[in-house]
Amino acid sequence: MSEYRPSEIEKKWQKYWFENKTFKTVNPVANEKSKPKYYVLDMFPYPSGAGLHVGHPLGYIASDIVARYKRSKGYNVLHPMGYDAFGLPAEQYAVQTGQHPAVTTEQNIRRYRTQLDNIGFSYDWDREIRTCSPQYYKWTQWIFTKLFNCWYDSAQGKAQPIEMLYNIFASRGNMNLNIPCNEHTSSFTAEQWNNYSETQKYKISLNYRLAYLSDTYVNWCSALGTVLANEEVKDGLSERGGHPVIRKLMPQWQLRITAYADRLLQGLHEIDWPEAIKEQQRNWIGRSQGCMLTFNIKNSNLSIQVFTTRADTIFGVTYLTLAPEHELITQITTPEQADKVQKYVQYAKNRSERERMADVKTISGEYTGAYAINPFNGEPIPVWIGEYVLAGYGTGAVMAVPSSDVRDYAFAKYFNIPIIKVQEGENTDISKENFDPKAGTMINSEFLNGMNVKQALDAAIKKAEELGVGYAKINYKMRDSIFSRQRYWGEPFPVYYKEGMPYLIDEKNLPVLLPEIDDYKPTEDGEPPLARAAHWKYNGIYPFETSTMPGWAGSSWYFLRYMEPDNDKEPVNKQIAQYWQDVDLYIGGSEHATGHLLYSRFWQHFLYDLGIVPTKEYARKLVNQGMIQGRSNYVYRVAGQNTFVSFNLRNQYDTTPIYVDVSMVENDVLDIEKFKEWRAEYADAQFICENDKYICGYEVEKMSKSKYNVVNPDDIVAQYGADTLRLYEMFLGPLEMSKPWSTASISGVYRFLKNVWKLFYDENGNFLPNDEIPGEASQRILHKTIKKIEEDIDRLSLNTSVSTFMVCVNELTDMQCRSKALLQDFLIILSPYAPHICEELWQACGNNKSIAYAPFPEWDNSKIKENSFEYPISVNGKLRHKMTFALDTLPHDIEKEILAANEIIKWTDGKPPKKVIVVPGKIVNVVV
RNA sequence: GCGGAUGUGGCGAAAUUGGUAGACGUACCAGACUUAGGAUCUGGCGUCGCAAGACAUGGGGGUUCGAGUCCCUCCAUCCGCACCA
């Protein structure tokens, strides 16, 4: 073949790999001495109707390069792909069209698969999984049953079977046990427990399980007819669709992720993940160390619990503030204030989350008329209600210290509540708002006087414990995760109801299949769509749970299933999990920081507790690939005319920018003919050009159809081939950075591949490589390249490797390298990046096995060394000179040579240097 | 406000432990060839300067014989979180 024609070779090799199962990962056999393992994983995609754009494969290409490289380095590589196939878009489409979501999902998956295959990935497709297939979600349901059957043993720091808790209750009751459980769990003695009926015991146990039902304020989106997770809500609107979200009290399944809060925080130390992700997770978990204090209500037997991180400021408390949702409000409010309080609570309730967040500046509140008693000094302090106190954090009540907290300060100023200064020193002037709440030493605080904040904090907590009015407490911002969705297209719960109580479906009856229904909307009375399945009953009698699991259920453990996707006895075999351990490299977007990436860690910790998986953390290293943004182009239409003015002339006219499809633009130059054909209205448009060209404006923004800036990888593959696309996406810039797509410099990468081809074939199609022994120079080039590529892959700096290859090919071309042995080695190191062309040329060299089986060549340092080398010389740090020395020159010889070289080196003032410092291979310093 | 990043030619970017800043690719300029093409090849290309040379890695300071790299400080941009007591 005389010319590089990617379209002719790529399909052929993709077919070859598929038919020969070239990339099949064989399960390790027990007695076999197996290779070291390497698990490289991509975040599996949600197969949306829009298909892949050029940004999606970025991470997949990087992981594919690593996978292919590790294989050739002798690793047993697990590199799978699948689909996160349950989800809202397919369901919404179903609601609109009546089309079953399974059908659209299947179509979308096919489209994705075709697009992925076009790029030549080395996935082991025999391991493909789909979260929506019953063989898969059977085990998602199974994990749910395990969560339901476990409680969290804080003493042991792990999940334990619920039977064990029964035993504990039978011998000790539930008092003085520090076990994470639901609010309002009443206490009982061992004796009482033993007298309970089985049903009563079961009912109590529901409060302790890691999966539990509870009435919760949830983010209810009536437009979508479902509950959303906190991270699915942005600024009071649904992330998907932007519909308003309100808070509503509903019974929901929840997972007790809060029991794992500390472990999830600790685990971050063990994993090599981007700092940004770790920080987001830390933020989300929101651990804060403080103290719980009890304030009794004056003339009442009620009391209010308060969480504070500033127990040291207890003598500065001048009022308490309750969240408007606080349950004691009605009980403590005095009759005189009842009306106002009632109004205020109503006002707060009607304000959506969005409104409340939008104006954090507005101060509002109401006085209840009640007084609480400061537990430290017995002073009465008024109890207020304020919107700025969040029901969901801590106890929904705060002890307000206006002198040490800016929000309390603002509230106190606004309502004219007294302020007691408890700190003195620099930056503690409370007449201005910008005081430092942690500065100075304590005053007006009895036994705390004279201490600094930290000392006072410890002393105050100690005192509270002595007085029995409080205790040290660690509080988390993170809430338990709501696990119910009022949707159709998700995993059904393996749960049925009997006398209003939830029971698990027997394990042997899993999976609970998603029933067929004729309409995917919620029912008229607001029940989830599954309520439409009238005859869907367990054993024909008991109603099933009608909500389904959220999108993140299936994605929280999929990485385990790839290890053994067809196991029908368990989610994954222990020995196999033991072999694969964890994911060595996980590549995916950072948008899942507090969603998938947190939940999956939680499930892994849980499964570790059960002894199913061998590691607490499932992904050793995570890399977030940057987003590829679109580069939109504009034309400038002159107001009121069908005339368009070129970019640099646009200011001379009154113009409106209009998006043009990027496929009609090259290097910002508009293809005027294509533009005229684009739409009828532009057919006789006029153009005001500069230098006979119409230059478009541009902007970098997210790829989207409406901006006409979406680039489909299929088009690039059709024009330049998959290898060019792969190389180019890497060449575009560092993997982690977001960067705009531009087709501008793709031709350089394409030319590179053509040059590779030309090393093997001349223009007449003659095969060039022969058996000549490679010269020293070409060996040096090759070995330097091998070394560089290894280093690049190790630090995932794949963009620079493309440059390295280019330099290598240019140099081999210059010296007309014809050594087949050397060129074959070159193909092996290039093949992870551009596998198709390398397979083709590899075969042309007479190999009959895939290049994927060829071992990666070892580089030899002795072959890299040059005969001579140049030393940079700085004279007093100013002038620089170069001198060439033989390779084995000793440092003192260099020194002598430089001293003797006065005539060669023009010293600044003509005098020879006094001192020459030489470090071999590094520095020469000359002091004149 | 808090946290995480990032600032280097017209553009995308290299420079792994401090050691010739701008590799490689694009764009652009000049030329060659030509079956006129979005092919191929050669040369140029940070700024100023005819040149020698000088100045250049967001700004300012510091450490060092030597700083894109280390330290301090300020600025700009992007991304998270945000009344969390």
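Here is the naming used below: chain letters follow the sequence lines, and residue numbers restart at 1 for every chain.
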[N] to [M] separation - [atom1] atoms, rounded to the nearest Å:
N      : M      : atom1 : answer
C83(B) : G4(B)  : C1'   : 22 Å
A14(B) : A76(B) : P     : 26 Å
U26(B) : U73(B) : P     : 43 Å
G60(B) : A67(B) : P     : 15 Å

Name the nucleic acid region contacted by [X], choosing base, sugar-phosphate or nothing; use a 4.0 angstrom heavy-atom cut-off, strictly under.
X       : result
P734(A) : sugar-phosphate
Q719(A) : base
K787(A) : nothing
S745(A) : sugar-phosphate
N810(A) : sugar-phosphate

| query | Taking the six-membered ring for Trp, is the centroid-to-centroid distance between F411(A) and Y414(A) below 6.0 Å? | reply |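 Not under 6.0 Å, so no.
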
| task | Give, ordered by number, those residues of residues 791-801 of chain A having at least one heavy-atom distance below 4.0 Å to an atom of RNA chain B; if nothing qualifies, reply none. | result |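 E791(A), R795(A), N799(A), T800(A) - these, ordered by number, are the residues of the stretch whose heavy atoms sit under 4.0 Å from the strand.
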
Name the closest nucleotide to the [X] side chain, picking from [options].
X       : options                : value
E279(A) : A14(B), G4(B), A85(B)  : G4(B)
S747(A) : A23(B), C41(B), U26(B) : U26(B)
F731(A) : U26(B), A14(B), G12(B) : G12(B)
N283(A) : A5(B), A85(B), G80(B)  : G80(B)

| said: Taking the cut-offs as 6.0 angstrom to the six-membered ring centre and 45 degrees off its axis, would you call K787(A) and W859(A) a cation-pi pair? | reply: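 The answer is yes; both the distance and angle limits are met.
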
Gap between atoms [atom1] and [atom2], on [X] and [N] respectively (whole Å):
X       : N      : atom1 : atom2 : value
L390(A) : A82(B) : CG    : P     : 11 Å
Y393(A) : A82(B) : OH    : P     : 13 Å
R282(A) : A82(B) : CZ    : C1'   : 18 Å
Q629(A) : U6(B)  : CD    : P     : 16 Å

| said: Checking the side chain of D671(A) only, and the main-chain atoms of V665(A) only, is there a donor and an acceptor separated by less than 3.5 Å? | reply: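 No: the side chain of D671(A) does not pair with the backbone of V665(A).
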
| Donor-acceptor contact below 3.5 Å, side chain D408(A) vs main chain V401(A) |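 Yes.
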
| task | Using a cut-off of strictly less than 4.0 Å, decide whether S288(A) has a side-chain nitrogen or oxygen near OP1 or OP2 of A85(B). | result |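 For S288(A), the contact criterion (side-chain N or O under 4.0 Å from OP1 or OP2 of A85(B)) is met.
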
| Nearest nucleotide by nearest heavy atom, which residue falls closer to the 5' end of RNA chain B, E275(A) or K739(A)? |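 Checking each residue's closest nucleotide, the 5'-ward one belongs to E275(A).
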
| Anti versus syn assignment for G9(B), with syn defined as within 90° of 0 |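 You should classify G9(B) as syn.
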
| CD of E183(A): more than 12 outside heavy atoms within 6.0 angstrom? |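 12 or below, so no.
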
| request: Please give the nucleotide sitting opposite C2(B) as a Watson-Crick or G-U wobble pair, both distances under 3.5 Å, or none. | output: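 Because both required distances fall under 3.5 Å, C2(B) counts as paired with G80(B).
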
| Taking any strand in view, what nucleotide pairs with G53(B) in a Watson-Crick or G-U wobble way, both distances under 3.5 Å? |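 In the structure as shown, G53(B) has C48(B) as its Watson-Crick or wobble partner.
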
